[in-house]
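Both backbone and side-chain heavy atoms feed into the values below; hydrogens, waters and symmetry mates do not.
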Amino acid sequence: MSVVILGVFVADTAYRAARPPRMGETILGESFALGPGGKGSNQAVAAACAGAETHFVSRLGRDPFGEMALKTWEKAGVRPAISFQEEGYTGAAYIFIEAATGNNAIIVCPGVAGEIGPDDVEAQAALIGGAAVFVTQLEQPIPAALRALEIARAGAALTVLNPAPAAPLPAGMLALCDFVTPNESEAEALTGIAVRSVADAEAAARALRKAGAGAAIVTLGAEGALFHDGARTAHIPAFDAGPVVETTGAGDAFTGAFAARLSEGADPLEAARFGCAAASISVTRAGTAPAMPSRAEIDALVARG
Ligand code: RIB
């Protein structure tokens with residue numbers, strides 16, 4: 001049973017510094033790293049590392065960042081369902097990492113993946129409709145995500161939307177989602193409810209269900225996640241996997257590992273706990289895709305509790 005993910009690959013350019021520069025200012029940073037990123041690609045790597053047969057639908061340019069993408073997927077065991085665009089570039093992200101906390105702020109330019117449309121998705125309809133779990137985010141244009149969710153729904157797939165970066169959704173889009181996995185700010189953007197506590201997250205999750213989602217899992221950083229599927233509400237605490245190095249990609253670790261466990265037929269609440277364990281490990285490492293844990297590491301942390 002496979003996980004199919006539609007999304008974007010970009011090269012992450014990560015700058016670690018005490019604080020971000022002000023407009024017109026230059027500051028010295030502590031370190032720089034270049035590595036694979038993009039929410040959809042990170043989620044595909046996370047799902048594959050967690051043990052799922054994983055396919056990734058996207059578009060690349062013919063350039064060094066596109067080659068980085070192919071190498072990343074080969075190493076992780078992700079199966080690419082990719083089209084290449086001759087004109088334009090594979091995207092990149094500017095990531096500011098606050099040295100004291102590992103927290104981040106991001107600008108992402110999706111490049112040619114920003115031109116993915118419903119036709120690209122139609123070309124992969126058999127793959128998407130035949131998945132056990134289909135996952136997408138909002139870094140590629142929304143019409144492509146919407147059409148892919150429709151195709152997945154018409155097939156046998158469970159559907160997961162990671163609504164990141166936050167954007168207004170067309171009417172009816174949430175009703176195509178069995179699960180939505182926003183973080184605090186994305187939940188607020190979708191519901192108008194400021195999420196500053198577990199209780200706020202529950203209120204937002206209830207609002208997302210009212211808007212049509214089957215279940216909502218609001219990721220809460222160091223506080224773990226709030227799961228609500230109508231019948232059950234549960235706060236899943238984060239796991240203690242060691243000191244936090246970088247939080248970038250933690251939401252992707254959660255969504256990818258959650259999808260992998262769901263594809264095995266796991267109970268969604270148990271799959272969410274598995275996702276939280278994956279995210280808790282990912283924040284102890286630098287980078288995004290390179291920080292995704294193996295199945296053995298996640299299982300060991302879940303068993304330890
Ligand atoms: O979720 C983290 C990711 O968001 C980074 O890898 C960056 O590329 C942006 O897309």
Side-chain angles (χ1 to χ4, degrees), residues 5-10 12 20 37-43 46 58 91-98 103-111 113-114 116 134-149 159-228 247-256 258-259 272 275 279 283 288:
I5 299 181
L6 166 70
V8 166
F9 171 91
V10 298
D12 282 351
K39 294 180 193 302
S41 177
N42 292 341
Q43 291 168 20
S58 192
Y94 157 83
I95 302 181
F96 162 72
I97 302 163
E98 188 178 55
N103 289 334
N104 64 83
I106 299 175
I107 301 171
V108 60
C109 294
I116 295 173
F134 171 75
V135 182
T136 193
Q137 328 69 31
L138 303 175
E139 285 187 330
Q140 77 290 315
I142 287 180
L146 185 61
R147 183 66 194 121
L149 286 165
T159 54
V160 181
L161 173 65
N162 174 230
L169 299 180
M173 189 161 175
L174 281 174
L176 292 169
C177 303
D178 293 304
F179 302 94
V180 278
T181 62
N183 67 13
E184 299 99 318
S185 62
E186 293 147 6
E188 176 174 356
L190 287 174
T191 65
I193 297 168
V195 177
R196 300 203 179 86
S197 66
V198 174
D200 295 339
E202 181 177 340
R206 287 181 185 279
L208 288 165
R209 259 188 52 81
K210 215 168 173 187
I217 305 155
V218 182
T219 56
L220 299 168
E223 296 304 318
L226 184 285
F227 176 99
H228 176 68
T247 61
T248 326
D252 301 331
F254 172 86
T255 295
F258 171 70
V283 300
T288 55

Practice task
Answer yes or no: is there a donor N or O on one side and an acceptor on the other, between the side chain of T136 and the main chain of L6, under 3.5 Å?
Solution key: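 A pair under 3.5 Å: yes.
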
Practice task
Determine yes or no for a side-chain-to-main-chain donor-acceptor pair under 3.5 angstrom, with R209 supplying the side chain and A215 the backbone.
Solution key: no

Reported [atom1]-to-[atom2] distance for the pair [X] and [Y], which is rounded to 0.5 angstrom:
X: M173; Y: L138; atom1: CE; atom2: CG; answer: 5.5 Å
X: K39; Y: N162; atom1: NZ; atom2: CG; answer: 7.0 Å
X: I106; Y: I97; atom1: CD1; atom2: CD1; answer: 8.5 Å
X: Q137; Y: I5; atom1: CD; atom2: CD1; answer: 7.0 Å
X: D200; Y: L226; atom1: CG; atom2: CG; answer: 10.0 Å
X: I193; Y: E184; atom1: CD1; atom2: CD; answer: 14.0 Å

Are side-chain heavy atoms of [X] and [Y] found at a separation under 4.5 Å?
X: L161; Y: L169; value: yes
X: C177; Y: L149; value: yes
X: T288; Y: D252; value: no

Problem - Pair D178-T159, side-chain donor/acceptor within less than 3.5 Å - result: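 Checked: D178/T159 side chains pair up, N/O donor to acceptor below 3.5 Å.
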
Measure across [X] and [Y] and return the closest heavy-atom pair with its distance rounded to 0.1 Å.
X: G114; Y: P141; result: O-CG, 3.1 Å
X: A113; Y: Q140; result: O-CB, 3.6 Å
X: A148; Y: F134; result: CB-CZ, 3.4 Å
X: F227; Y: A272; result: CD1-CB, 4.0 Å
X: N42; Y: G37; result: OD1-CA, 3.3 Å
X: A204; Y: A187; result: CB-CB, 4.1 Å

Problem - CA sep, side-chain torsions, deciding dist, call: F96, I107, side-chain contact (heavy atoms from CB on, under 4.5 Å) - result: CA-CA 9 Å; F96 162 72; I107 301 171; over 6 Å; no

Problem - Intermediate values then yes/no, side-chain contact (heavy atoms from CB on, under 4.5 Å), I116 and S58 - result: CA-CA 7 Å; I116 295 173; S58 192; 3.9 Å; yes

Problem - Intermediate values then yes/no, side-chain contact (heavy atoms from CB on, under 4.5 Å), V195 and L220 - result: CA-CA 9 Å; V195 177; L220 299 168; 3.9 Å; yes

Handout entry: Reference residue V180; test side chain to side chain contact (heavy atoms under 4.5 Å, CB included); the match among V218, V160, L174, L190
Key =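 Result: among V218, V160, L174, L190, L174 is the only option passing the side chain to side chain contact (heavy atoms under 4.5 Å, CB included) with V180.
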
